Amino acid sequence: MEHIEQKYLEIKQKLFDKVYQSLNEKQRDAVFTVNDPLLVLAGAGSGKTTVLVRRIAFIIRYGNAYYSEYIPYGVDERRVAELENALTLPTSEIEEFILPQFASDACAPYRILAITFTNKAANEIKERLSKMFPDDEATASEIVTGTFHSVCVRILRRHGDRMGYRDGFTIYDTDDTKKAMLEAMRRCSIDEKLLPVKGVMNAISRAKDSLLTPDLFAMEAGGDFRKKQISRVYETYQMLLRESNALDFDDLIMQTVLLLKNHEDVRKSYQQRFRYVCVDEFQDTNIAQLQLTVLLSGFYQNLMVVGDDDQSIYKFRGATIENILSFDRTFPNAKVIKLEQNYRSTQTILDAANAVIAHNAGRKGKTLWTAQGDGAKIQQICCDDQNAEARQIIDTVNRAVAKKEATYRDFAILYRTNAQAQSIEKAFARAAVPYRVIGGTRFSDRKEIRDAVAYLQLINNHDDNLRLRRIINEPRRKIGDKTLEAIATIAAEQNCSQFEVIATADRYTALDRSRNTLLQFASLIEGLTEAAKTVAPDVLFDMMLDRSGYRQMLIDAGAEEAERLENLDEFKSGILEFMKENEEPTLTGFLEETALVADVDRYDESADAVVLMTVHSAKGLEFPNVFLPGMEDGLFPGMQTVTAGEAEMEEERRLAYVAITRAKKQLYILHTRSRLLYGQTMYNPISRFVSEIPSSLIEKKEDPYAMKTAPRGTFGVATGAYNTYRGAMAGGNVYGQRGAEAPITQKRTYYSERNPANDITVGKPLTTPKKDTAKTAFRPGDRVKHMTFGTGEILSAKPMGADILYEIIFDRVGTKKLMATYAKLTKL
DNA sequence: ATGGGGCTGCTTTTT
DNA sequence: GCAGCCCCAT
């Protein structure tokens, strides 16, 4: 009988293997390993999300079927032979008729929790899960999927009262946080010049990541003066948030952890609910997030984490790579599975990535491979400056598109810093190549949007002092700092909210002068609050704009502020969309989404345009062709990194690894001899990360635009320069001097049009110079300056079509005839 | 209270 | 190179 049972279990596994044959062996193992802690080290492009999604579906359908040693009653030779026969059936039939028989302790979907970092990832998982259950909508929607922050908000909305938060609490974003922090520093009489807010914000944010309360922080500070100062700010800041019934992003996680830690009944209810917990991008978690997942999975201990230690690039915002590196020490019974087969890139690209990352010491160690073959070599192109670099990219794109080898969307330009986007963007606009810039200033960062949100937030939560201050004088109501200070003082004395003081302004002599405006403002907000109870969010939004006078203010400003009105319209369509997607669209719900959902999610992969973004934002994405401009020491790795320690360099190297592994077919590495960035010219050697790539994988190319005067830059020479600069860099002086000659601003030879619907910008060359040429026209006798010819005097000006032909006598080079459009003249 | 002009500073970023 | 912010003048 022993033998038969053994055979039964073997054939059962074979049947599962067959149905899941589209996965590789490691992926299958990850899907079938359902119980106990599991760490999946998923290399770039190794099918991580597929594993995550199929594993959840597996748990719902079959539970622990694969590894369960359960033998059902009545297993005999005949039954085993029957199953052996089933192996020859088509997989769809095995899946439909045979596998369900093995289901063992299958799990209800609402008892599974999947946590991600971004909304984008959460949505992708949701979508792919609903495809796993095509004829059963309910199942996929019951699975609890969300970001760390949204999961915590859901918990806090239910049990926040235990932590002293009232219903309808507000979430502060980074900007709000900064404002509150400044206020806290002011109250502690700490000079912003002596202790910059940026540093304080960072310190407090890191403290919350590590679950340090103000008390604990103060204890840790010891005698350290700076830390003691920060500790005071932290305490005051926390008090301000409490008064406003608000939480910042870090609080959402930390307060949830504290809630679960300190309230056994709440903890137990969640622990017993969640039989399975999955965490994506585990390498990006901080201490608080690790604690959260440990607490939530604390009862069943079925915690699966997926991540890639080599793609940990968020240390600067608190991620601790140790979480993933020591997962198997934290959970000694954890199983570890490495996914190293890559389905994205050519072997050439993978070899390059492997070679670079091999220089890091702090890693688990993985080597990516593919069955797809070597593919094309990596192109390494040296250019004169950032403009030549941009032209190189454009030429390459245009050539491929003209030959119909690719479309615009097949190309991505990934850079280290957002500032690099500028010169590339300009060149794209001028060349009329459609492009999109992802990241940078966000829609929701615009003043009018923030103002509108602040109004809605205040309507939703009258205690929100920060938002109150933001909009009380917007539009102008003649309420300035003096009045606001008086209000704050009274609120502190009366121990009530600032809004309450405003609503009862007639009681305080200090508010005599602005009494009427304040009462009016209070009744405006109260009226809207009343309306919010009955009216849909979009209607409320319009009422708010009209009654507050905000809309009128923009209309009065005329053409200058027309764009702001358009943006408010776009915001309203966002409200409408939210109402469509939610059965019970409440104001609180909408505000929550606005606070927790960034508009980067608007990146639409189907739009046909070249995409520009930072390497950080490109994580998780892939493109057939990838350009990496600015691969230079001093830029990537950045200056700070070069002078900092080895840990920082390793993080930067992981970033390079992420950059390289975005490419599917072709990778272009670009660097320049000189570069104008932040108004300074710098001369950088090629990035050390490029020299870590075996030269056999690279094809080197000189920029054909290279100026004749440039030193014939053979790469041998470049290598020499590399060492020189490396030495110079230790001294910390690679950047050119400040005040290097500013280039004369070029007249625009294009105008660009951005389509707000898809964010694609297409530049259009100006065929007929606009009238303003005539306005800036020069008259005979005018002294002018030309970029190359120097100073001179206009002799004559003849209109030529829409252009003007000047005859100019230059001080140095004599008489020249020049067309106004091309001459780039400036008046002296 | 408000608006304009000079000065500083400046990786990376999601929530 | 440019944006954001502080200070000063109105």
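Chain letters run A, B, ... following the sequence lines, proteins first and then strands; every chain starts at 1. Small disclaimer: the values here were computed from a predicted structure and weren't measured.
Proximity of A/T614 to the phosphate of B/dT13: a side-chain N or O atom is located under 4.0 Å from OP1 or OP2. The side chain of A/Q422 places an N or O atom within less than 4.0 Å of a non-bridging phosphate oxygen (OP1 or OP2) of C/dC2.
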Handout entry: Protein-to-nucleotide contact annotation, 5' to 3' order, nucleotides 1-6 of chain B [B base; S sugar-phosphate only; - none; under 4.0 Å, heavy atom]
Key = SSS---
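Taking only side-chain atoms of A/K178, from C-beta outward, the nucleotide of B/dT11, C/dC5, B/dT15 with the closest atom is C/dC5.
Between A/R662 atom CZ and B/dT12 atom P there is a gap of 19 Å when expressed in whole angstrom units. A straight line from CD of A/Q680 to P of B/dG9 spans 13 Å, rounded to a whole angstrom.
Between A/H616 and A/Y314, the angle of the ring planes lies from 30° to 60°, which puts this pair in the tilted group.
A salt bridge is absent between A/E192 and A/R186; no separation between the charged side-chain nitrogens and carboxylate oxygens falls under 4.0 Å. Using a 4.0 Å cut-off between charged nitrogen and carboxylate oxygen, A/R450 and A/D176 count as a salt-bridge pair.
Comparing A/E652 and A/D250 by the nucleotide of DNA chain B whose heavy atom lies nearest to each, the residue mapping closer to the 5' end is A/E652.
By the criterion of a centre-to-centre distance under 5.5 Å and near-parallel planes under 30°, the ring of A/F316 forms a stack with the base of B/dT12.
Side-chain to base pairing of A/S617 with B/dT13: no donor and acceptor N or O lie closer than 3.5 Å to each other.
For the P atom pair drawn from B/dT13 and C/dG4, the interatomic distance equals 16 Å after rounding to whole Å.
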